[in-house]
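Both counts, for ligands and for their atoms, begin at 1 and track the order of listing. Quick caveat, the model's predicted, so the values are computed rather than measured.
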Amino acid sequence: MNVLVVGSGGREHTLAWKLLQSPNVENVFCVPGNGGTALLPHCQNLPATEEDFSKIGQYAKEKAVAFVIVGPELPLAKGIRDFLEQQNIPVFGPTETGAQIEASKWWAKALMQDVGIPTAVGETFTDAETAKAYVTQQGAPIVVKADGLAAGKGVTVAETVESAHTAIEGLFAADTEQVVVEECLVGEEVSVLALTDGITVRPLLPAQDHKRIGEGDTGGNTGGMGAYAPAPLLSAERLAQVTETILQPTVDALRDRAIDYQGVLYAGLIVTPEGDSKVLEFNCRFGDPETQAILPLLETPLDEVIMACLEKRLHELPPLKWSSQKALCVVAASQGYPGSYEKGKEITGTTQDWDAFVFHAGTRLDAEGHLLTSGGRVLGVTGLGDDFDQAAEKAYSAIAQIKFSGCYYRSDIGYRVRS
Ligand code: AMP
Ligand code: GLY
């Protein structure tokens, strides 16, 4: 079969690579893809933006793809599945309505509160004065979030009432229509990505990512500077609990609301010191860079799981097969990221035979075949090992040999699980 992948990051390179490992998958087409997907055998980039649904539909038909898999949230929130399904093109990912679970924090919060999914207590506001009064009444620390997609930048964890007030004023001044104010949860964060056909859920191995730019998880928020799986924070027993108390009731609630939620349900959880898991946020897609750590461990062919979701027979699928190894992914970014940075730096060393996987993110090939940086997060290197020390050693020895001007990466990815 042929498959079309929408997106251009490390997550999409990983999806394309994983799909091509399956004996059933002949060719993968990426719209628009990156330098890594351009270099991957049996993979081809096709030019169009990820929001050009008609072009994507045209490519899907021309290339006779079995399905389209969507990496980023924006096309999902804009209804790519609804659009392509009208042309009988199967899409792995939720409908526009279902994608609100990520695209609207108040919608997600209302759903969770209705069903009793464990999450931070919170309220939604449409004006600054009422929101500020609520903050004054609740006290700090408290969390202020913009409704809508903000690429991780719309959240303030305020240590004082004053800083929460400032954040609220800033959001409304920037024309945010709704602001969610919620209880500040304390604990360690973990991501559980589950695949679902809208009825059954199958969690993947839990992963942890490092969102901050600086060592020791300090500094500004980024898309993610590294990740590792399986996160020991969630034992098999706790993961089963997450499925029972969070993932399954959420999918059931979506179905009760006549939403055909098929695709990835990604729960960003906080595990409290008491061991309870609570939802910080839901995403409607694969995580980046969690995918770069999780998928190399998956032994069941990915297309088989996706086809089972598309055909609503996930309950028939045998348990997913996983490698017993550990995976750790380190992201190399352009100097200056997550602020402003330069592009167009030549990258060398990616094509050598490393004992690690090099997943491209912000890279492109120029007309002469040079590999150049083209984004903030440039690439991620995933090492596998019998333990996290070995996985880290493999990822770090490879990334140290990959060069571009202004290359920055954290040296402490996985510090919680390394000795
Ligand atoms: P979100 O975009 O909702 O995932 O928020 C981004 C980050 O803000 C999360 O990864 C957490 O580190 C932090 N955060 C969000 N909500 C809360 C909360 N209720 N309590 C504590 N930290 C939070
Ligand atoms: N790594 C966080 C995310 O994909 O949202």
Side-chain angles (χ1 to χ4, degrees), residues 7 9-12 14-15 70-74 76-77 99 101-109 112-113 117-124 135 138 140-159 163-164 167 171 176 179-193 204 206-213 217-229 231 264-273 276-295 329-331 333 338 359 361 376-377 380 413:
R11 163 183 55 204
E12 288 77 16
T14 313
L15 287 167
V70 186
E73 59 277 16
L74 207 60
L76 290 167
I101 201 146
E102 170 164 6
S104 169
K105 294 205 189 269
W106 74 260
W107 193 87
K109 183 63 75 183
M112 286 189 265
Q113 285 176 345
I117 307 282
T119 183
V121 177
E123 286 198 30
T124 304
V135 166
Q138 296 293 315
I142 196 154
V143 179
V144 177
K145 301 184 179 187
D147 192 41
L149 294 177
K153 297 197 175 87
V155 178
T156 303
V157 179
E159 297 300 334
S163 58
L171 289 175
T176 306
V179 168
V180 175
V181 180
E182 67 181 32
E183 166 198 10
C184 186
L185 299 175
V186 181
E188 215 178 307
E189 288 180 45
V190 60
S191 308
V192 179
L193 283 64
L204 304 179
Q208 280 185 279
D209 74 346
H210 293 270
K211 290 202 174 88
R212 307 296 195 90
I213 187 72
D217 296 325
T218 56
N221 250 320
T222 71
M225 295 303 294
Y228 51 95
V264 178
L265 179 66
Y266 163 153
L269 304 173
I270 214 155
V271 181
T272 66
D276 301 323
S277 299
K278 294 189 177 183
V279 178
L280 280 179
E281 59 163 351
F282 279 120
N283 293 322
C284 64
R285 51 168 176 86
F286 283 100
D288 188 338
E290 289 96 325
T291 303
Q292 291 88 307
I294 297 170
L295 288 189
C329 173
V330 181
V331 170
F359 296 119
R377 288 189 295 170
I413 300 303

Sub-3.5 Å donor-acceptor pair from the side chain of Arg212 to the main-chain atoms of Gly219, do we have one?
yes
For Asp209, the atoms of ligand 2 under 4.0 Å from one of its heavy atoms are 1 (N), 2 (C)
Which of the ligand 1 atoms, numbered from 1, are nearer than 4.0 Å to a heavy atom of Lys211:
10 (O)
Backbone N/O of Ala231 and side chain of Gln208: donor-acceptor pair under 3.5 Å
no
Hey, is ligand 1 close enough to Leu185 that some N/O pair sits below 3.5 Å?
yes
Taking the side chain as every heavy atom from C-beta outward, state whether Thr156 and Ser163 have any pair of such atoms under 4.5 Å apart.
no
Any atom of ligand 2 sitting under 4.0 Å from a heavy atom of Arg285?
yes
Donor-acceptor pair, distance only, cut-off 3.5 Å: does the side chain of Glu281 make one with the backbone of Gly268?
no
Side-chain donor or acceptor of Arg377 paired with backbone N/O of Ala361 under 3.5 Å:
no
Would you say Pro72 and Glu12 make side-chain contact, with heavy atoms under 4.5 Å?
yes
So between Val155, Val143, Ile142, whose heavy atom ends up nearest atom 18 (C) of ligand 1?
Val143
Under 4.0 Å to a heavy atom of Glu183 - the qualifying atoms of ligand 1, by number
18 (C), 19 (N), 20 (N)
Taking N or O atoms only and a 3.5 Å limit, does Arg11 qualify as a polar contact for ligand 2?
no
Under-4.0 Å heavy-atom contact with ligand 1, by part of Lys105 that carries it
side chain
Would you say Thr272 and Lys278 are linked by a side-chain donor-acceptor pair, where the criterion is simply a distance under 3.5 Å?
no
Check for me whether Gly287 has a heavy atom closer than 4.0 Å to any atom of ligand 2.
yes
Going by the order shown, which atoms of ligand 1 are within less than 4.0 Å of some heavy atom of Cys184?
20 (N), 21 (C)
Evaluate Asp217 against His210 for side chain to side chain contact (heavy atoms under 4.5 Å, CB included), listing each step before the verdict.
CA-CA 7 Å; Asp217 296 325; His210 293 270; 3.0 Å; yes
Contact with ligand 2 for Gly223, non-hydrogen, under 4.0 angstrom:
yes
Considering distance alone, does some N or O of Asn221 sit under 3.5 Å from an N or O of ligand 1?
no
Looking only at heavy atoms of Tyr266, does any of them come nearer than 4.0 Å to an atom of ligand 2?
yes
Backbone or side-chain N or O of Glu290 under 3.5 Å from ligand 2 N or O
yes
Option whose closest heavy atom lies nearest to atom 15 (C) of ligand 1, chosen from Glu281, Lys145, Glu182:
Lys145
Residue pair Asn283, Glu73: steps toward the side chain to side chain contact (heavy atoms under 4.5 Å, CB included) verdict
CA-CA 8 Å; Asn283 293 322; Glu73 59 277 16; over 6 Å; no
Checking side-chain hydrogen bond (donor to acceptor under 3.5 Å, both in side chains) between Glu182 and each of Lys145, Gln138, Lys105, which is the one that passes?
Lys145
Note: ligand 2 atoms sitting under 4.0 Å from heavy atoms of Asn283 are 5 (O)
With side chains defined as the heavy atoms from C-beta onward, is the minimum distance between Val181 and Glu123 less than 4.5 Å?
no
Using a strict cut-off of 4.0 Å, indicate which atoms of ligand 1 neighbour a heavy atom of Glu189.
9 (C), 10 (O), 11 (C), 12 (O)
